K.L.:
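This structure is in structure tokens; I'll ask about it shortly.
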Amino acid sequence: MNEQRPGFAVSSLALLVILFLQIPVVVVMLASFSETSYLTIPPQGWTLKWFSAVLTDRIYLSAIWNSLILAVGSTLISLVLGVAASYAIFRKMVPGSEALTSLLMAPLIIPSVVIGVALLQYFTLVGMRGSFWVLLIAHVIITVPYIVRSALASLSGLDLSVEEAARVLGAGGFTTFRLVTLPLIKPGLVAGALFSFVTSMENVPVTIFLAGPRDTTLPILIFTSVEMGVNPSVAAVSTLLIIATAIVLLVAERWTGFHRFV
Amino acid sequence: MKSLRTGALLLSPLLFVLVAAFVVPLLLLVPTSFQEYRPGHGIVPDAWTIANYARIFTDDFYLEVVLRTLGLGVAVTFSCLLLGYPVAYLIVRGNPRWRLALTLLVIFPLMLNLVVRSFGWIVLLTNRGVVNNLLIDIGLIEKPLKLMFNMTGLMIGLTHIYLPFMVLMLVAALQNVPRDVEAAAATLGSSRLHAFRSVTLPLTAPGIISGSILVFVLTISALVTPRMLGGPTYQVMATLIYDEYMQLLDWPSGSALSFALAISTILIIWISSRMTKRWAGLA
């Protein structure tokens with residue numbers, strides 16, 4: 001039995017690689033506590049001043065707020081539209097389900113930069129450039145494939161006889177869906193919603209073409225401020241994001257066994 | 001008939017959004033890519049040209065950027081495969097008690113904001129960054145190494161970013177290989193390395209291929225990491241498209257380049273899925 005376990009060399013190499021994956025995370029966190037106004041590792045002195053600087057800065061706060069609204073809004077819209085469409089495809093209510101699925105998944109295949117420039121030109125032509133709605137629509141388009149993928153995967157594991165049973169007992173179509181189908185596919189949808197949320201929260205390649213000066217998002221703000229030089233506030237706001245991500249990941253794992261859906 | 005109407009009702013909102021705000025905008029890029037752009041004047045009305053496409057294959061600068069992008073794709077794919085395989089192997093075949101923790105440590109950087117991860121590499125790789133300071137302190141080098149704004153920086157950053165995808169694909173593939181076949185090979189007198197090479201590796205080939213395609217496609221279309229670690233001068237296709245739209249305002253060239261990128265991506269995915277299907281049919 002022990003014979004089949006990976007040997008010492010393979011195991012240590014693998015652990016080194018996993019360590020490599022965490023290095024930038026650790027470095028950013030360490031840098032954000034340093035007292036100096038430039039980045040130093042190991043940090044010189046320990047301070048929380050960069051965190052308070054970020055959390056009182058109106059530009060950062062509005063960027064955080066914009067990112068959250070966009071992520072929550074686009075995830076909710078994607079959930080409603082995506083689950084409805086997936087259900088129709090799954091129950092074969094309309095012809096051409098394979099072609100339809102490909103269309104719904106297409107935003108994953110087209111490079112994000114290309115989607116970004118296409119939307120920039122389009123919304124400039126129709127005169128909507130710079131509006132917050134444009135950003136919301138764009139985020140729905142890039143997040144909806146994650147919802148559709150998880151919805152179709154969860155639905156394919158569904159035992160249709162439970163739906164039949166509900167119907168026989170007199171439940172209407174929507175009631176059946178709400179009380180029977182939805183709870184059964186919920187874990188998959190939660191995972192899909194999380195992917196959607198994360199995708200929206202971190203998107204740069206589409207957002208950067210569409211965000212007006214007033215509705216910049218957090219990743220765009222970090223991205224553009226890095227071009228002007230590295231500073232501890234960026235490290236602090238990054239650390240906040242790292243902690244938030246870790247909490248979300250652990251809660252999701254507890255809640256849904258998240259790693260099975262990745 | 002009622003079910004068709006319900007189905008159409010359920011599908012139409014999403015279809016409407018996708019057609020109106022995804023399909024149509026992409027199609028509108030086609031005419032733009034054939035238009036003529038004159039610096040200082042903008043797009044020339046009613047003048048059609050294929051120069052924007054021709055330039056991608058003839059202009060030295062463009063050609064260099066395209067070849068660099070493709071080379072980067074191949075290099076990053078190989079390094080992800082080499083580094084990712086041991087990790088996937090340890091996760092699937094190692095102590096089951098470590099499994100969840102290791103998986104979460106692989107997923108965590110994947111979930112973490114791309115901009116934050118690239119920023120982390122800047123802190124590590126700049127001239128006065130962590131790596132250079134460390135190497136100078138222990139006396140290995142005297143002058144800082146140039147680790148950013150070149151191939152080295154992009155390789156490190158992109159490998160770090162796409163490695164988790166590769167590991168997860170390989171984990172899925174390795175899970176489908178029963179432990180028994182390795183044990184059988186061992187019983188029949190095969191050494192561990194030989195058993196791995198002639199049994200495990202071929203059986204995980206579908207995962208290797210799909211992981212490699214994924215990493216390659218993601219690498220050639222990456223914008224954030226190449227921009228942050230390559231700066232404005234060390235260009236790849238995505239950063240060039242960004243500059244042509246946002247800095248030079250040369251939309252025709254930018255959209256021609258966008259099409260070149262999108263079509264190569266779609267072709268690669270299409271060919272590889274056909275190959276895997278045929279291959280699966282043979283096996």
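None of these values were measured; they are calculated from a predicted model. Quick note on labels: first sequence line is chain A, next is B, and so on, each numbered from 1.
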K.L.:
By ring-ring contact (aromatic ring centres under 6.0 Å, His included), which residues pair with F20(A), not counting sequence neighbours?
P.N.:
W121(B), H160(B)
K.L.:
Below 4.5 Å from any heavy atom of chain A, which atoms of L163(B) appear? Answer side chain, backbone, both or neither.
P.N.:
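The answer is the side chain of L163(B).
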K.L.:
Contact between V23(B) and L103(A) at the side-chain level, heavy atoms closer than 4.5 Å - yes or no?
P.N.:
yes
K.L.:
Got N113(B) and I242(A) here, is their nearest side-chain heavy-atom distance under 4.5 Å?
P.N.:
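A side-chain contact is absent here, since even the closest heavy-atom pair is not under 4.5 Å.
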K.L.:
Using side-chain heavy atoms (C-beta onward) and a distance below 4.5 Å, is L21(A) in contact with P164(B)?
P.N.:
yes
K.L.:
May I ask you to name which of L114(B), L223(B), L112(B) has the most heavy-atom pairs under 4.5 Å with chain A?
P.N.:
L112(B)
K.L.:
Mind checking the CZ-CD1 spacing from F22(B) to I115(A)? Nearest 0.5 Å is all I need.
P.N.:
5.0 Å
K.L.:
Quick one: what part of I122(B) sits under 4.5 Å from any heavy atom of chain A, side chain, backbone, both or neither?
P.N.:
side chain
K.L.:
Would you check, one step at a time, whether the test side chain to side chain contact (heavy atoms under 4.5 Å, CB included) holds for I18(A) with V167(B)?
P.N.:
CA-CA 10 Å; I18(A) 289 179; V167(B) 172; over 6 Å; no
K.L.:
Would you compute the distance between atom CZ of F119(B) and atom OG of S225(A) and round it to the nearest 0.5 angstrom?
P.N.:
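Here the interatomic distance stands at 8.0 Å.
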K.L.:
Over all heavy atoms of both residues, which pair between A238(B) and V113(A) is shortest? Give the atoms and the distance, please.
P.N.:
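Shortest heavy-atom contact: CB-CG2, 3.6 Å.
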K.L.:
If you count heavy-atom pairs under 4.5 Å with chain B, which of L249(A), V198(A), V204(A), V10(A) comes out on top?
P.N.:
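Greatest number of close heavy-atom pairs with chain B: L249(A).
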K.L.:
So, the side chain of Q121(A) versus the backbone of P25(B): is there a donor-acceptor pair under 3.5 Å, distance only?
P.N.:
no
K.L.:
Just so I know, are the side chains of M201(A) and M111(B) near enough to count as touching, which here means a heavy-atom distance under 4.5 Å?
P.N.:
no
K.L.:
Could you give the distance from CG (L27(B)) to OH (Y122(A)), rounded to the nearest 0.5 Å?
P.N.:
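Spacing of CG (L27(B)) from OH (Y122(A)) equals 11.0 Å.
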K.L.:
How about residues 247-260 of chain B versus chain A: which residues have heavy atoms under 4.5 Å apart?
P.N.:
W251(B), S258(B)
K.L.:
Residue by residue, which of residues 90-98 of chain A have a heavy atom closer than 4.5 Å to a heavy atom belonging to chain B?
P.N.:
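Counting heavy atoms that sit under 4.5 Å from chain B, the residues of residues 90-98 of chain A involved are M93(A), V94(A), P95(A).
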K.L.:
Using a cut-off of under 4.5 Å for heavy-atom pairs, which of G94(B), P13(B), P232(B), G129(B) has the most such pairs with chain A?
P.N.:
G94(B)
K.L.:
Taking only residues two or more places apart in sequence or in another chain, which ones pass ring-ring contact (aromatic ring centres under 6.0 Å, His included) with F223(A)?
P.N.:
none
K.L.:
With a 4.5 angstrom heavy-atom cut-off, is it the side chain or the backbone of I220(A) that approaches chain B, or both, or neither?
P.N.:
neither
K.L.:
For Y242(B) and V117(A), indicate whether the former's side chain and the latter's backbone hold a donor-acceptor pair under 3.5 Å.
P.N.:
no
K.L.:
Could you tell me which of A172(B), S118(B), S221(B), G231(B) has the largest number of non-hydrogen atom pairs under 4.5 Å with chain A?
P.N.:
S221(B)
K.L.:
Do you know which of L11(B), L14(B), L10(B) makes side-chain contact (heavy atoms from CB on, under 4.5 Å) with L81(A)?
P.N.:
L14(B)
K.L.:
Is it the backbone or the side chain of L100(A) that comes under 4.5 Å from a heavy atom of chain B, or both, or neither?
P.N.:
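Only the side chain of L100(A) comes within 4.5 Å of chain B.
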K.L.:
What distance do I222(A) atom CD1 and M228(B) atom CE have between them, rounded to the nearest 0.5 Å?
P.N.:
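With rounding to 0.5 Å, CD1 (I222(A)) is 7.5 Å from CE (M228(B)).
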K.L.:
So for L100(B), is it side chain, backbone, both, or neither that comes closer than 4.5 Å to the heavy atoms of chain A?
P.N.:
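Interface part for L100(B): side chain.
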